[in-house]
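Single-structure report; data block below.
Chain letters run A, B, ... following the sequence lines, proteins first and then strands; every chain starts at 1. Note that the coordinates shown come from a computational prediction; the quantities given were computed from them, not determined experimentally.
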Amino acid sequence: MSKSVVKKMLFILSKAHIDSVYAAMVMANGARMEGIEAEIFFTFFGLDAITKKKLKNLKVATVGNPAMPMPTMLGGLPGMEAFASMMMKKEMEKLDMPPVDEFIEILSASGCKLWACKLAVDMFKLEEKDLIDELDGVLTIGDFYERADIEGTQIIFI
Amino acid sequence: MELNVAGKTINLTDDGYLTNLSQWDKEVALAIAKEEEVELTDAHFKVIEWVQTQFKNGVSLSVRGVKSSGVVDIKEFYALFPGGPLKKATRIAGIPKPQSCI
């Protein structure tokens with residue numbers, strides 16, 4: 001058992017940028033590997049990461065991303081987002097970073113709970129069949145707060 | 001740090017990891033496993049052997065590597081070494097603490 005005073009990490013993922021999705025997944029997996037409980041609540045565009053049809057095509061933002069090593073005007077050109085995303089995925093593969101679908105499998109098997117936000121699911125008119133098989137359920141934010149049921153729980157918004 | 005097992009002195013890092021795999025044997029594994037509150041079975045030793053092989057081949061360990069190891073799946077891995085599987089498995093196996101974030 002980890003000596004850390006952090007016992008449970010709850011993540012709220014609200015974005016579909018691949019870097020945001022990986023941030024949540026790496027931190028959740030890292031928690032599990034330390035013996036810390038982890039759960040992710042997917043809301044708004046974060047739902048894309050658990051939507052079967054979308055999760056393999058997540059992109060990095062080439063516009064409005066000051067850290068992107070290219071001028072913003074170029075970032076808006078057709079195909080640029082796909083190209084940058086492909087390059088990024090290639091680099092991640094080199095670090096043995098699993099693709100999103102495999103990462104979900106790993107997280108689920110490691111005991112990380114994966115929840116979809118009720119409000120966002122309704123807003124995007126999604127059904128459970130549109131979402132990953134590993135999903136643990138659809139929750140309201142109130143239900144998700146109730147998951148913070150032990151001392152040493154932290155909630156992180158991404 | 002040091003660990004005494006059956007009259008032998010084993011050198012450990014401050015984190016409690018062996019500094020030299022050549023000092024490792026089954027008794028050392030059992031002694032460290034006891035500290036980690038893991039009761040070693042054949043299934044554990046299969047994983048231990050696999051992580052040692054990875055280490056000897058210079059492959060850095062990650063959860064994805066475990067998934068494709070063929071000796072254990074992720075669920076079993078967590079069940080065998082509860083509360084920090086890769087850290088515990090590597091410590092019991094006598095190899096350095098993994099440096100990967102994944």
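Within the structure, every pair that satisfies the salt bridge (charged side-chain N to carboxylate O under 4.0 Å, His left out) test and touches residues 54-64 of chain B, not counting sequence neighbours, is listed here: A:Glu93-B:Arg64, A:Asp96-B:Arg64, A:Glu102-B:Arg64.
More than 12 heavy atoms of other residues, nucleotides or ligands sit less than 6.0 Å from atom CE of A:Met123. Taking a 6.0 Å sphere around CZ of A:Phe124, one finds it holds more than 12 heavy atoms contributed by other residues, nucleotides or ligands. Counted within 6.0 Å of CD on B:Glu35, heavy atoms from surrounding residues, nucleotides or ligands total more than 12; the atom is thus considered enclosed.
In the hydrophobic clustering of this structure, B:Val59 does not group with B:Val63; members are Ile, Leu, Val, Met, Phe, Trp, Tyr whose side-chain heavy atoms approach within less than 4.5 Å, directly or through other members. By the criterion of side-chain heavy atoms lying less than 4.5 angstrom apart, applied directly or through intervening Ile, Leu, Val, Met, Phe, Trp or Tyr residues, A:Ile132 is not grouped with A:Leu139; the two fall into different hydrophobic clusters. By the rule that hydrophobic residues join a cluster once side-chain heavy atoms approach within less than 4.5 Å of another member, B:Ile95 and B:Val38 end up as members of one cluster. A:Leu95 and A:Val21 are members of different hydrophobic clusters when ILVMFWY side chains are connected at heavy-atom separations under 4.5 Å. Using a 4.5 Å cut-off between side-chain heavy atoms of Ile, Leu, Val, Met, Phe, Trp and Tyr, with links allowed through other members, A:Ile106 and A:Met25 fall into different hydrophobic clusters.
Of all residues spanning residues 52-61 of chain A, none has a heavy atom less than 4.5 Å away from chain B's heavy atoms. Contacts between residues 140-148 of chain A and chain B, defined by a heavy-atom separation under 4.5 Å, are made by no residue at all. Against chain A, no residue from residues 8-30 of chain B qualifies, as none has a non-hydrogen atom under 4.5 angstrom away.
B:Ser62 contributes atom OG, which lies 9.0 Å from atom CG of A:Asn29 (distance to the nearest 0.5 angstrom).
Between chain A and the options B:Glu37, B:Glu76, B:Lys67, B:Lys75, the largest number of non-hydrogen pairs under 4.5 Å is found for B:Lys67.
Closest heavy-atom contact between B:Ile74 and A:Ser110: CG2-N, 3.9 Å. Across all non-hydrogen atoms, the minimal contact from B:Pro85 to A:Met33 is CD-O, 3.8 Å.
With a threshold of 4.5 angstrom between heavy atoms, A:Glu105 approaches chain B through side-chain atoms but not through N, CA, C or O.
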